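This report refers to the structure that appears directly beneath it.
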Amino acid sequence: MSFYVTTPIYYVNSTPHIGHAYTTIAADIVVRHRRQRGEETFFLTGTDEHGSNIPRVAEEAGLELREFVDRNAAAFQEMTVRVNASNDFFVRTTDPRHGALVQEFLQRIYERGDIYEGVYAGLYCTRCEAFYTEAELVDGLCPQHGIPPDFVEEKNYFFRLSAYQEALLRLYDERREIVLPSFRYNEARSFIERGLDDISVSRASQRWGVPIPWDTSQVVYVWVDALINYWSALGFARADEDLRPRFWPEVRHFLAKDILKFHCVIWPALLLAAGLEVPRQLFVHGYLLLDERKISKSAGNVIDPLDLIDVYGVDPVRFYLFRVATFGQDGSISLQGLHERYERELGNELGNLLSRTTAMVARYRDGRLRAAEVSGALGAQIDRVGGEVPARLDEFDLTGALELVWELVRSLNRHVEQSAPWELAKDESRAAELDRVLYELGDGLRAVAVAVASFVPDASERILSALGQPLELGWERVAAGRFVETDAIEPAPPLFPRVDAPTPAG
RNA sequence: GGCGGCGUAGCUCAGCUGGUUAGAGCAGCGGAAUCAUAAUCCGUGUGUCGCAGGUUCGAGUCCUGCCGCCGCUACCA
């Protein structure tokens, strides 16, 4: 079974913020988990570099076009690396190999008859790359950007989106889970239901883009160019293999709610028109709100994820985002919340659990941990994590999956208190009891490490190392009693050391 | 206007196809312990489950209406 995951390709018009990191991390968690289950995976992310905004913004920045997109693409590549995303490829739409496949894709639709020539006249917001009707404007300005739209009249090529209404409805009816969560499915379906207008897929007045193959005086509309990346990248990501037969259409697209229509309506229609299969699934997540407010430049509350990573490290940021907010819904984050979760849950509940466990093994048993039996309730809970976490991740309930693992962390701390190894250590006749408790703690912590590996990969490794366990993450190891005997456990250094509290000014 | 989401303890939220005295975490208060990054554990909640009706033996959970917040979308004589 192959499993292909994508993030949107991010627009190099601006630099990365926490919202980009959120989508990338979500996709990464899911794909890492699938690898743990031994599935064949491919994880794609990248940048969207065409469109009329780019020449304008580049000029404002005083840079050559190429220089500008290279610089901003590099910022997204750095973000990808810094959040520890395990992507298999990073696609850029300015890559000529992408351009060639975009042309091939459009040519197919053209030849099959669903692209025709027409004239578009209307109000156009260059920032949105979208046309507006008078009614959509607010005080005559673009509702998104608050700038006056331009009146544009030009010859364009149109895609017969309107012809795909029935096919799309049929698709939605046959595959209820094509768009998740279900309320996003409803949103997309009702949009299709009320009728679709044809869309312009070319721009006559622009030069920065992929030329229309049969009329090189025009370039491909940036959104169409961008969507095709999901299919094109598989064609050239590997020099020695076209990956499309292997991974298309087993794709899961992750995206934020603002680009639902492009992904859930236009993209499947384009694929149908090109005679290709539609995506297996699309997951539409919500927005992160900073202190209850939408994150935006105009609100002045943009967070650079790299700043947070500099202070707390990458794992805590990955952890926090899926701990506070239910994935799929909008969710509130705050610097203080991150700090509190870091301290309490990562530092105290998990980090300290490792510290106390390893310290006791070192102190009472000279670092030796021998196989013993894992008692009923605890063993059952470990096995339950192994069984139920995959089910939650299969439906992209990242928050629920993490909560299940955390309940096990809490149980282990409770187990320490209830069995009080320091009491057992005082009584030679209870040596076997002590051995068993220490083994249970070690085994439970080991299982936790494997179970949270997709969320906090670095910490997972450090836990396994501290316990003298092999760095093997196969999901079958999330089960009781898989601890490998060892003689070399030393008191572990703090897994998540204290950091200074954030300044109120932020 | 249509469609959809949300409204549950001070705060953040779970509560799937209706069923024992409505839950978790945080914060607060009280206590225990000392293996540990003073980290942990235990106890502690008189909540009109937005409001009003209805269906049912039984509703936070279904239906209707209404109120408030939000999203998508349409339209305006």
Side-chain angles (χ1 to χ4, degrees), chain A residues 132-136 143-144 179 181-197 256-265 284-289 291-294 320 322-334 336-365 388 391-392 395 397 399-404 406-407 409-426 434 437-438 441-442 445 459 462 466 489-499:
Chain A
Y132 284 101
T133 61
E134 295 279 357
E136 288 170 320
Q144 295 292 317
V179 174
S182 58
F183 65 92
R184 296 297 176 200
Y185 169 98
N186 292 337
E187 209 170 296
R189 194 186 184 289
S190 66
F191 181 82
I192 297 165
E193 206 167 11
R194 66 170 66 88
L196 302 170
D197 293 328
K257 63 185 185 181
D258 56 332
I259 51 178
L260 175 145
K261 238 184 296 172
F262 293 101
H263 284 79
C264 300
V265 181
V284 184
H285 71 251
Y287 283 150
L288 293 176
L289 309 174
D291 299 323
E292 306 295 323
R293 300 174 58 209
K294 184 177 171 183
Y320 176 67
F322 297 93
R323 188 80 178 122
V324 271
T326 302
F327 188 57
Q329 310 283 334
D330 288 356
S332 288
I333 61 170
S334 70
Q336 197 191 343
L338 168 61
H339 189 80
E340 284 173 5
R341 294 271 182 180
Y342 176 84
E343 213 157 72
R344 169 158 293 277
E345 299 191 329
L346 291 175
N348 300 349
E349 293 182 346
L350 179 60
N352 187 237
L353 175 64
L354 177 67
S355 294
R356 65 202 309 210
T357 300
T358 53
M360 289 190 287
V361 173
R363 181 155 158 180
Y364 303 138
R365 288 294 181 262
E388 290 181 12
R392 299 219 177 172
E395 49 192 38
D397 178 10
T399 313
L402 189 51
E403 172 62 23
L404 273 179
W406 223 254
E407 284 167 11
V409 171
R410 296 203 166 109
S411 290
L412 288 166
N413 272 315
R414 213 168 295 135
H415 191 50
V416 175
E417 297 299 327
Q418 285 167 356
S419 54
W422 47 91
E423 292 296 332
L424 301 175
K426 290 176 188 164
L434 177 59
V437 170
L438 293 178
L441 294 175
L445 207 36
R462 285 187 287 145
I489 294 181
E490 294 173 6
L495 194 60
F496 295 102
R498 285 289 149 100
V499 303

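Residue numbering restarts at 1 for every chain, and letters A, B, ... go by the order of the sequence lines. Small disclaimer: the values here were computed from a predicted structure and weren't measured.
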Sequence neighbours excluded, which residues qualify as side chain to side chain donor-acceptor pair (under 3.5 Å) partners of [X]?
X: A/Glu490; result: none
X: A/Tyr320; result: none
X: A/Glu395; result: none
X: A/Asn413; result: A/Arg356

For RNA chain B, list all stems, counting runs of three or more consecutive pairs where every pair is Watson-Crick or G-U wobble with both distances under 3.5 Å.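 RNA chain B forms these stems: B:1-7 with B:67-73, B:10-13 with B:23-26, B:28-32 with B:40-44, B:50-54 with B:62-66.
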With [X], which residues qualify under salt bridge (charged side-chain N to carboxylate O under 4.0 Å, His left out), at least two apart?
X: A/Glu193; value: A/Arg189
X: A/Glu388; value: none
X: A/Arg462; value: none
X: A/Glu345; value: A/Arg323, A/Arg341, A/Arg410

Calculate the interatomic distance between [X] atom [atom1] and [N] atom [atom2]; express it in whole Å.
X: A/Arg323; N: B/rC13; atom1: CZ; atom2: P; answer: 14 Å
X: A/Phe327; N: B/rC13; atom1: CZ; atom2: P; answer: 17 Å
X: A/Leu404; N: B/rC16; atom1: CG; atom2: C1'; answer: 14 Å
X: A/Phe322; N: B/rU12; atom1: CZ; atom2: C1'; answer: 18 Å
X: A/Leu260; N: B/rU73; atom1: CG; atom2: P; answer: 9 Å
X: A/Tyr320; N: B/rC26; atom1: OH; atom2: P; answer: 15 Å
X: A/Leu338; N: B/rC26; atom1: CG; atom2: P; answer: 17 Å
X: A/Leu402; N: B/rA24; atom1: CG; atom2: C1'; answer: 14 Å

Using the [atom1] atom on both, measure [N] against [M] and round to a whole Å.
N: B/rU61; M: B/rG15; atom1: P; value: 15 Å
N: B/rG25; M: B/rC66; atom1: P; value: 39 Å
N: B/rC69; M: B/rG45; atom1: C1'; value: 27 Å
N: B/rU21; M: B/rC63; atom1: C1'; value: 28 Å
N: B/rU8; M: B/rC51; atom1: C1'; value: 15 Å
N: B/rG50; M: B/rC13; atom1: P; value: 15 Å
N: B/rC26; M: B/rC41; atom1: P; value: 8 Å
N: B/rG28; M: B/rG23; atom1: P; value: 23 Å

When we call it a touch if two heavy atoms are under 4.0 Å apart, what does A/Lys261 touch: a base, just sugar-phosphate, or nothing? sugar-phosphate
Taking any heavy-atom pair under 4.0 Å as a contact, classify A/Glu423: base, sugar-phosphate, or nothing. sugar-phosphate
Heavy-atom closest pair, residues A/Gly442 and A/Thr357: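 In this case the closest contact between A/Gly442 and A/Thr357 is N-CG2, 4.2 Å.
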Please report the closest heavy-atom contact between A/Pro421 and A/Val416, naming both atoms and the distance. CD-O, 3.4 Å
Once ring-ring contact (aromatic ring centres under 6.0 Å, His included) is applied, do any residues pair with A/Phe327, and if so which ones, sequence neighbours excluded? A/Tyr22, A/Phe283, A/His285, A/Phe322
Would you indicate whether the side-chain heavy atoms of A/Asn352 and A/Leu495 approach each other to under 4.5 Å?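 With C-beta onward as the side chain, the pair stays apart.
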Pair A/Arg414 + A/Glu417: basic N to acidic O under 4.0 Å: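 Salt bridge: no.
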With a 4.0 Å limit, can you tell me whether A/Thr326 has a side-chain N or O closer than that to the phosphate oxygens OP1/OP2 of B/rA14?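 Answer is yes, contact under 4.0 Å.
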Protein-to-nucleotide contact annotation, 5' to 3' order, nucleotides 35-44 of chain B [B base; S sugar-phosphate only; - none; under 4.0 Å, heavy atom]: BBB-BBSS--
Which atom pairs link the protein and nucleotides 2-9 of chain B when you take only N or O atoms and keep those under 3.5 Å?
{"residue": "B/rG2", "atom": "N2", "partner": "A/Arg194", "partner atom": "NH2", "Å": "3.3"}

